[in-house]
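Below is one structure; the comments refer to it alone.
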There are 4 protein chains.
Amino acid sequence: MKAVDKHARIISAATKVFAKKGFFVARISDIAKEAKVADGTIYLYFNNKYDILISVFEEEIGKLVLQAQKALEKETSPQKMLEIFAARHLAAMKKNKNLAEVIQIELRQTNKIIKDYRNKAFLEYIDIVAEIIRSGQRDQVFRDDINPELAKRIFFGALDEISRVWNISLESHYTVDEITNQVLLIFLSGLRNEATQ
Amino acid sequence: MKAVDKHARIISAATKVFAKKGFFVARISDIAKEAKVADGTIYLYFNNKYDILISVFEEEIGKLVLQAQKALEKETSPQKMLEIFAARHLAAMKKNKNLAEVIQIELRQTNKIIKDYRNKAFLEYIDIVAEIIRSGQRDQVFRDDINPELAKRIFFGALDEISRVWNISLESHYTVDEITNQVLLIFLSGLRNEATQ
Amino acid sequence: MKAVDKHARIISAATKVFAKKGFFVARISDIAKEAKVADGTIYLYFNNKYDILISVFEEEIGKLVLQAQKALEKETSPQKMLEIFAARHLAAMKKNKNLAEVIQIELRQTNKIIKDYRNKAFLEYIDIVAEIIRSGQRDQVFRDDINPELAKRIFFGALDEISRVWNISLESHYTVDEITNQVLLIFLSGLRNEATQ
Amino acid sequence: MKAVDKHARIISAATKVFAKKGFFVARISDIAKEAKVADGTIYLYFNNKYDILISVFEEEIGKLVLQAQKALEKETSPQKMLEIFAARHLAAMKKNKNLAEVIQIELRQTNKIIKDYRNKAFLEYIDIVAEIIRSGQRDQVFRDDINPELAKRIFFGALDEISRVWNISLESHYTVDEITNQVLLIFLSGLRNEATQ
DNA sequence: CATGAATGAGGATTCATTCAT
DNA sequence: CATGAATGAATCCTCATTCAT
């Protein structure tokens with residue numbers, strides 16, 4: 001087994017365990033067992049428990065960024081791009097609930113643990129939304145009075161809360177398409193530049 | 001000092017400490033010190049650490065529900081009501097960042113800790129949004145094809161992500177009014193029933 | 001309510017609680033509740049938890065001593081006296097299992113807790129047995145080669161183990177009479193001076 | 001150092017510490033220090049403090065059973081067997097006062113702590129006495145009217161009380177032989193079948 | 001005398017991390 | 001590189017005892 005293999009297996013195991021138990025309740029030995037390595041082996045690849053959390057988060061978000069960029073590269077319509085982003089994000093969260101949970105935890109906890117930790121990957125991810133909105137504004141299909149920096153948060157927050165509820169509650173019977181549709185119903189008309197349409 | 005006093009002081013101290021450190025990193029002795037009581041005194045009012053978390057959450061959300069209900073009782077316009085809800089929520093979170101953080105933590109962690117814990121107070125709170133949307137649909141000022149159950153999540157998620165960012169990042173220089181305005185720009189036109197207007 | 005009343009009620013409650021839970025598992029608040037007094041009230045009558053234990057023991061053993069002395073005062077036959085002692089002890093233990101347990105615990109624990117604590121009352125109690133044996137030796141009905149100091153322990157130990165088993169196990173279906181009879185079968189012939197009979 | 005070694009060292013340390021302080025006053029850190037391991041190491045071998053107590057008891061009683069069985073296997077005379085049992089038991093208790101105390105504590109406390117705990121090893125041990133008595137009855141050297149189940153308790157109780165006194169009091173100057181002799185003086189003539197002798 | 005809320009010292013247990021093998 | 005036994009610091013919670021009322 002190659003080292004890269006073990007690193008990947010630990011990341012994958014940690015994603016699963018963090019998602020299931022939450023970062024603090026998760027034990028290093030849980031991750032080790034899930035990854036089928038010895039407890040000590042984990043410390044050959046990561047400095048400590050927090051380091052695993054950050055690595056998990058950055059790797060997984062990094063993948064999302066790449067996937068989103070690839071999916072969007074041939075698309076020029078801002079409305080369509082927003083739709084693609086939302087659909088892909090929700091589909092990814094529905095498919096990999098572990099990841100959704102890890103994002104939830106990570107986003108709310110890491111800053112308390114590691115002072116001044118900056119989620120570069122995450123910022124890059126939601127900046128995709130800001131960029132779509134800006135391009136829509138340049139094309140005059142989105143209203144000028146929308147602040148893309150705030151709108152990206154509002155948009156991501158909406159998607160994120162939906163993902164959260166999926167993982168715990170009754171409302172989980174909605175399909176990705178239904179939800180994507182609902183989100184877009186609101187946001188596309190909400191963002192639309194009525195002056196020019 | 002009356003008992004009610006001490007209970008309230010512990011809740012308040014816990015809100016502060018949980019917000020600053022996060023639930024798991026927070027120590028009972030931190031809360032005791034903040035509340036200026038002995039460690040053991042906390043256990044006269046709460047069963048255990050989780051019980052404090054739940055109590056903090058429910059009490060604080062309960063207050064939000066009451067405030068929101070009161071602020072909305074004389075208002076009949078659904079658009080106006082949504083505006084009031086958003087403005088009040090964001091103002092409360094900006095004012096009491098501790099509370100915003102406790103909501104963040106609670107919503108993402110308690111279900112992992114205490115199986116089947118149901119946030120009645122929280123559901124009541126966001127159902128206010130669903131009810132506003134439904135009344136807007138009855139009045140035909142909001143689109144019929146919006147699902148209020150999903151929309152309440154989308155709306156709350158947007159507000160919540162905004163609140164989260166306030167507590168950690170650079171973007172905290174926006175005012176409550178600016179953000180409320182942005183959220184409403186999107187949502188009010190997003191929800192608007194164009195067929196009748 | 002008179003003070004003597006409360007003292008007695010605490011002793012009685014403590015006997016019950018110690019017997020049920022054991023000294024260390026018993027809580028002062030358990031005793032207070034059982035005695036229907038406030039926790040703090042107990043400290044008006046006793047110095048500390050150990051003091052309660054010792055008081056319970058000495059009072060209860062004191063009663064046994066008085067009862068035994070009274071029952072034996074008109075009896076002159078050493079065999080008969082031994083029989084009376086055994087029958088009364090077993091009957092008392094069967095009737096008041098709490099007391100039996102308190103004796104068990106006390107005898108094995110107090111010396112560890114309070115260095116050099118001497119059970120005067122207890123020694124007085126088992127010395128009744130030694131004295132019966134000595135009188136039997138003077139009357140030449142008991143063998144001379146028996147050491148009364150050891151025999152009192154052997155005799156009491158036999159009775160005590162029987163009492164212990166009563167409180168926990170299956171063998172509790174024997175009656176006091178059956179057991180008294182068995183004990184005397186062994187001890188009376190065991191102690192008998194065959195040279196003169 | 002092998003694992004078996006550490007397990008044995010902890011058992012031995014616990015026996016010593018429990019005997020000296022009693023189960024409840026004994027601290028896990030006392031046992032750890034005595035065994036020269038870290039506190040946490042104890043929990044690699046035992047589930048909790050009670051588990052240590054039970055393990056100590058069962059292991060030590062198990063040894064007594066084996067020793068007794070071995071010492072008795074070539075003996076056929078019931079009187080002689082009773083003598084051997086008593087002599088060995090008293091010698092073991094005199095030699096290992098810690099063990100004597102652990103038996104005392106265990107027998108009186110564990111049932112309160114762990115509901116329905118059954119001392120299989122202990123029952124096996126005292127059943128040796130019952131079996132000796134039964135064989136003596138078959139050989140018609142012991143009286144028929146003795147109930148072996150009660151007699152085993154009476155006999156063990158006598159031995160046990162003697163052991164108890166050894167560990168705390170003045171009477172500890174008697175030798176094993178003296179005491180064995182006294183116990184047998186009483187019990188052998190007490191059990192003897194006079195009809196046939 | 002009586003109360004019971006408050007105290008805070010103390011201890012069993014957990015678990016991230018290390019390191020000898 | 002890999003292991004997992006061992007470590008021991010760290011913390012939640014209990015409960016005997018106090019003392020203001």
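Bear in mind that the values here come from a model prediction, so they are computed numbers and not experimental data. Residue numbering restarts at 1 for every chain, and letters A, B, ... go by the order of the sequence lines.
At dA5(E), none of the side-chain N or O atoms of K6(B) fall inside 4.0 Å of OP1 or OP2 (strictly under the cut-off). One finds no side-chain N or O of Y45(B) lying less than 4.0 angstrom from the OP1 or OP2 phosphate oxygen of dA5(E).
Ring planes of F57(C) and F122(C): tilted class, angle from 30 to 60°.
When the C1' atom of dA16(E) is taken as reference, atom CG of D51(A) falls 14 Å away, rounded to whole Å. Atom CD1 of I42(C) is separated from atom C1' of dC1(E) by 15 Å (rounded to the nearest Å). Rounded to an integer number of Å, the gap from CD1 of I52(C) to P of dC15(F) is 15 Å. The interatomic distance linking I31(B) (CD1) with dT11(F) (P) rounds to 13 Å, in whole Å. Rounded to whole Å, the distance from CZ on F23(C) to C1' on dC15(F) is 13 Å. Whole-Å rounding puts the F46(C) CZ to dA16(F) P distance at 15 Å. Rounded to an integer number of Å, the gap from K33(B) NZ to dT11(F) P is 12 Å.
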Reading DNA chain E 5' to 3', how would its secondary structure be written in dot-bracket notation, given Watson-Crick and G-U pairs with both distances under 3.5 Å, brackets [ ] for crossing pairs and | for partners on other strands?
-> .||||||||||||||||||||
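The V37(B) side chain lies nearest to dT7(E) when the options are dT3(F), dT7(F), dT7(E).
Along DNA chain F, the nucleotide closest to K36(A) and the one closest to K36(D) are compared, and the more 5′ of them pairs with K36(A).
Between the OG atom in S29(C) and the CD1 atom in I42(C) there is a gap of 8.5 Å [rounded to 0.5 Å]. Distance check, rounded to the nearest 0.5 Å: OG1 of T15(D) to CD of E59(D) gives 8.5 Å.
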Distances under 3.5 Å between nitrogen or oxygen atoms of protein and nucleotides 12-15 of chain E:
| unit_1 | atom_1 | unit_2 | atom_2 | d |
| --- | --- | --- | --- | --- |
| dA12(E) | OP1 | R27(D) | NH1 | 2.9 |
| dA12(E) | OP1 | K49(D) | NZ | 3.4 |
| dA12(E) | OP2 | I28(D) | N | 3.1 |
| dT13(E) | OP2 | Y43(D) | OH | 2.6 |
| dT13(E) | OP2 | K49(D) | N | 3.1 |
| dC15(E) | OP1 | R27(A) | NE | 2.6 |
| dC15(E) | OP1 | R27(A) | NH2 | 2.8 |
| dC15(E) | O5' | R27(A) | NE | 3.2 |

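A distance below 6.0 Å separates the ring centres of F23(A) and Y50(A).
The side chain to side chain donor-acceptor pair (under 3.5 Å) search around E34(C) returns K16(C), not counting sequence neighbours.
The one candidate from I52(A), D30(A), V25(A) that meets the side chain to side chain contact (heavy atoms under 4.5 Å, CB included) condition with F18(A) is I52(A).
Contact annotation: the side chain of K33(D) never approaches that of V17(D) to less than 4.5 Å [non-hydrogen atoms, C-beta and beyond]. Residues L64(A) and M93(A) are in side-chain contact: their nearest non-hydrogen atoms beyond the backbone lie under 4.5 Å apart.
dT21(F) and dC1(E) are spaced 23 Å apart, taking the P atom of each and rounding to whole Å.
Seen from the ring of Y45(B), K6(B) does not count as a face-on cation partner, given the 6.0 Å and 45° thresholds.
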